2 protein chains.
Amino acid sequence: MSTDREEPARQRLTRAEAKARTRRLLLDAAARVFARKGFAGASVEEIAESAGFSIGALYSNFGGKEALFLELMAERGLGRVSEAAQTLDRHEAGTGEAAAELGRLLVQVADKDTDFAPLQAEFWLYAVRNPHVLDTMAAALREPRQALEGLIDTWLAERGAPADVPADAVATVVAALFQGLVRLRRVDPDSVPEELFGQALQWLFSGIGAPPAQARPTDQD
Amino acid sequence: MSTDREEPARQRLTRAEAKARTRRLLLDAAARVFARKGFAGASVEEIAESAGFSIGALYSNFGGKEALFLELMAERGLGRVSEAAQTLDRHEAGTGEAAAELGRLLVQVADKDTDFAPLQAEFWLYAVRNPHVLDTMAAALREPRQALEGLIDTWLAERGAPADVPADAVATVVAALFQGLVRLRRVDPDSVPEELFGQALQWLFSGIGAPPAQARPTDQD
DNA sequence: GTCTATAAACAGATAGAC
DNA sequence: GTCTATCTGTTTATAGAC
C-alpha cells in the first residue's frame with residue numbers, strides 16, 4: 001500500500017503544517033519585498049518567487065496582494081515598542097547601562113534590521129491612506145504604549161518626579177523620539193550617534209524631575 | 001503679419017513663462033498625487049490630469065515619472081525644518097508663547113497640510129531605497145539642521161546650560177521628536193495633544209540645564 | 001508646447017493540469 | 001496544495017497631429 005493515511009509524521013510535515021509553513025515563508029518574503037519595493041511597487045510574482053513558490057501558491061494561501069499586506073501588518077505592525085519597553089525594564093533608570101542598552105536597540109533597529117523601518121513606514125502610509133485601517137492601527141498602538149507608560153510611571157516615581165506629570169504624555173514623547181531618531185540615522189548616521197537616544201532620555205527625565213532651571217516654579221495656568 | 005514676435009506681454013505670459021507655469025502646476029499636482037498614492041502607486045496620467053494637462057505635456061516638461069519625483073524632492077525635501085527654526089527664533093525660550101506657537105506648528109503640519117507628512121515619508125523611503133539619493137538627502141538635511149543648531153546654542157546659553165552640551169545633538173533630538181510626533185498624531189490624535197511638543201521641549205531643556213535630579217553630578221567617564 | 005493615439009511591457013488575478 | 005498558462009486591465013513612454 002503506497003497510501004500513508006495515518007502516519008503521524010513521516011519525517012516531518014502533516015498536510016496542515018505544510019500549508020502553515022508555506023504561509024510563513026510567504027509572509028516572511030512579503031515582509032522583505034514590501035520593505036524593499038513598497039506596497040505598490042512590490043509584485044506578487046516577486047514575493048512568491050522570493051519565498052520559493054509560484055503565484056498560484058500565494059493566491060491559494062491569501063486573498064491577494066492587499067490581504068497579504070494586511071495580514072503582515074496585523075502580525076508585526078506594533079512597531080517593536082514592546083521590545084523597547086523590555087529593554088527599559090531590565091535596567092535601572094538613568095544608569096549608564098540602560099543608556100548603552102538603549103543605544104544598542106537603536107543600532108539594531110536602524111542599522112541591523114534594515115527592512116524594519118521601511119516596512120513600518122509602508123504600514124504607516126497605508127494606514128494614513130486608508131482611514132479604516134488607521135483606526136485599527138491606533139488601537140493596536142495603544143496597547144504597547146500603555147506598557148511603556150507603566151514603566152515610565154515607576155521610573156518617574158523612583159526619580160521623585162512631581163505626581164502630576166502625565167506618564168502617557170512622556171510615553172508618547174519617548175516613542176516619537178525613538179522613531180524619529182531611527183529614521184534620521186538611516187539618512188545620516190553621523191548625526192545620530194549610538195548614545196544619543198539614551199542621552200536624550202536622560203535629559204528628558206532630568207527635566208521632568210526638576211522644574212525649569214531659570215526661575216518660574218509653576219507654569220500651569 | 002499675424003506674427004507677434006516682439007509683443008512684451010499681450011495679456012500676460014511669454015512663451016517661457018507659459019512653460020514655467022505648466023511646470024509649476026505639474027509639480028504641485030505631482031506633490032498631491034505622490035502624497036496620496038505613493039511614488040509607485042501614482043500614475044503619470046493622474047498627475048497630468050490633476051494639473052489640467054495631458055500626459056504629453058508632462059513628458060515634454062519632465063524626463064518622466066522618476067525625474068518629476070526627484071525634482072519635487074529637491075524642491076521641498078528639506079522637511080520644513082527651517083520653518084520650525086523661525087518659529088523658535090521668534091520667541092523667548094521656555095515661554096508659554098513659544099510652546100503655543102510650537103503647538104500650532106505641530107497642528108499645521110500634522111492636521112492641516114495633510115499631504116505633507118506622507119510626501120516626506122515617500123521621500124525618505126525613496127532615499128533609503130536609492131543610496132545615491134540618500135547621500136544627497138543627508139547633505140540637504142544638514143543645512144537647515146545647522147540653523148536649528150545655532151538657535152539652540154543661543155537658547156542653551158540663555159538658560160545657563162553647561163558649555164559642554166553639544167548643540168548639534170540637541171538639534172537632532174528636536175528634529176527627530178517633531179517628526180515622530182507628527183506621524184503619531186496622524187494615527188492617534190488623542191495621544192499627541194497640541195501642547196505636547198512644546199511641553200516636551202521644556203522638559204528637554206530643563207534637563208539639559210540641570211544635572212540629574214537624583215545625586216550623581218557628573219556622569220561622564 | 002500641448003494633445004491624441006498607440007505601442008510595448010507588466011500588473012493582479014483566475015482556471016485547469018498535476 | 002501547488003504550478004503553468006492565460007485573460008484583462010493598466011502602466012510608462014513615444015510619435016505624430018495641431
Side-chain angles (χ1 to χ4, degrees), chain A residues 2-5 7 9-30 33-34 36-73 122 126 129-130, chain B residues 2-5 7 9-30 33-34 36-72 122 126 130:
Chain A
S2 59
T3 57
D4 46 358
R5 62 180 169 104
E7 211 92 25
R10 207 225 295 272
Q11 189 144 345
R12 291 180 259 246
L13 254 61
T14 65
R15 245 78 136 187
E17 280 173 343
K19 180 156 184 155
R21 175 179 157 278
T22 303
R23 280 179 62 89
R24 182 96 305 277
L25 288 171
L26 281 168
L27 278 166
D28 291 345
V33 180
F34 281 137
R36 313 237 239 253
K37 304 288 184 74
F39 173 66
S43 72
V44 289
E45 187 182 18
E46 186 175 356
I47 293 172
E49 274 178 12
S50 171
F53 294 96
S54 64
I55 302 183
L58 192 153
Y59 277 95
S60 117
N61 280 282
F62 300 93
K65 183 177 167 179
E66 195 156 23
L68 179 53
F69 184 78
L70 288 172
E71 192 152 327
L72 202 61
M73 203 169 159
E122 288 293 332
Y126 189 92
R129 290 167 184 156
N130 298 272
Chain B
S2 60
T3 57
D4 45 359
R5 59 180 172 107
E7 208 94 25
R10 205 223 300 268
Q11 189 145 345
R12 288 182 263 244
L13 254 58
T14 64
R15 244 77 136 186
E17 279 173 344
K19 180 154 186 156
R21 175 179 159 277
T22 303
R23 280 179 63 89
R24 182 96 303 278
L25 289 170
L26 281 168
L27 278 167
D28 291 344
V33 179
F34 281 136
R36 312 239 241 253
K37 303 288 184 74
F39 172 65
S43 72
V44 290
E45 186 182 19
E46 186 175 355
I47 293 171
E49 272 177 13
S50 172
F53 295 95
S54 63
I55 301 184
L58 191 153
Y59 277 94
S60 116
N61 280 282
F62 300 93
K65 184 178 166 178
E66 196 155 23
L68 179 52
F69 184 78
L70 287 172
E71 192 152 329
L72 202 60
E122 289 292 333
Y126 189 92
N130 299 273

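Note that the structure is predicted; figures quoted are calculated from it, not measured. Here is the naming used below: chain letters follow the sequence lines, and residue numbers restart at 1 for every chain.
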Practice item. Using atom types as modelled and distance alone, determine if a side-chain donor or acceptor of Lys37(A) lies under 3.5 Å from a backbone N or O of Ala40(B). Key: no
Exercise for review: Look only at the side chain of Arg36(B) and the backbone of Arg129(A), and say whether a donor-acceptor pair between them is shorter than 3.5 Å.
Suggested key: no
Could you state the [atom1]-[atom2] distance from [X] to [N], rounded to the nearest angstrom?
X: Lys37(B); N: dT12(D); atom1: NZ; atom2: P; answer: 11 Å
X: Phe62(B); N: dT14(D); atom1: CZ; atom2: P; answer: 16 Å
X: Glu45(B); N: dT14(D); atom1: CD; atom2: C1'; answer: 15 Å

Review point. How close do Asn61(A) and Arg23(A) get, heavy atom to heavy atom, and via which atoms?
Key: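 That closest heavy-atom pairing would be O-NH1, 2.8 Å.
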Indicate, with a heavy-atom threshold strictly under 4.0 Å, whether [X] touches base, sugar-phosphate, or nothing.
X: Ala20(A); result: nothing
X: Ser54(A); result: base
X: Ala42(B); result: sugar-phosphate
X: Ser60(A); result: base

Practice item. Report the residues that fulfil salt bridge (Lys or Arg N to Asp or Glu O under 4.0 Å) with Arg21(A), sequence neighbours left out, ordered by chain and then residue number. Key: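 Not a single residue meets the salt bridge (Lys or Arg N to Asp or Glu O under 4.0 Å) criterion with Arg21(A).
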Study note, to complete from the structure: Of Asn61(A) and Gly64(B), the one whose closest nucleotide on DNA chain D sits nearer the 5' end is Asn61(A)
Point to revise | Inter-residue atom distance Leu26(B).CG - Arg24(B).CZ, 0.5 Å rounding | key: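 Answer for the CG-CZ pair, Leu26(B) versus Arg24(B), is 10.0 Å.
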Exercise for review: Measure the CD1-CG distance between Ile55(B) and Leu58(B) for me, rounded to the nearest 0.5 Å.
Suggested key: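 Ile55(B) CD1 to Leu58(B) CG: 8.0 Å, rounded to 0.5 Å.
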Review point. Can you give the first and last nucleotides of DNA chain C, 5' to 3', that have an atom under 4.0 Å from a heavy atom of chain A?
Key: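 From 5' to 3', the first and last contacting nucleotides are dG12(C) to dT14(C).
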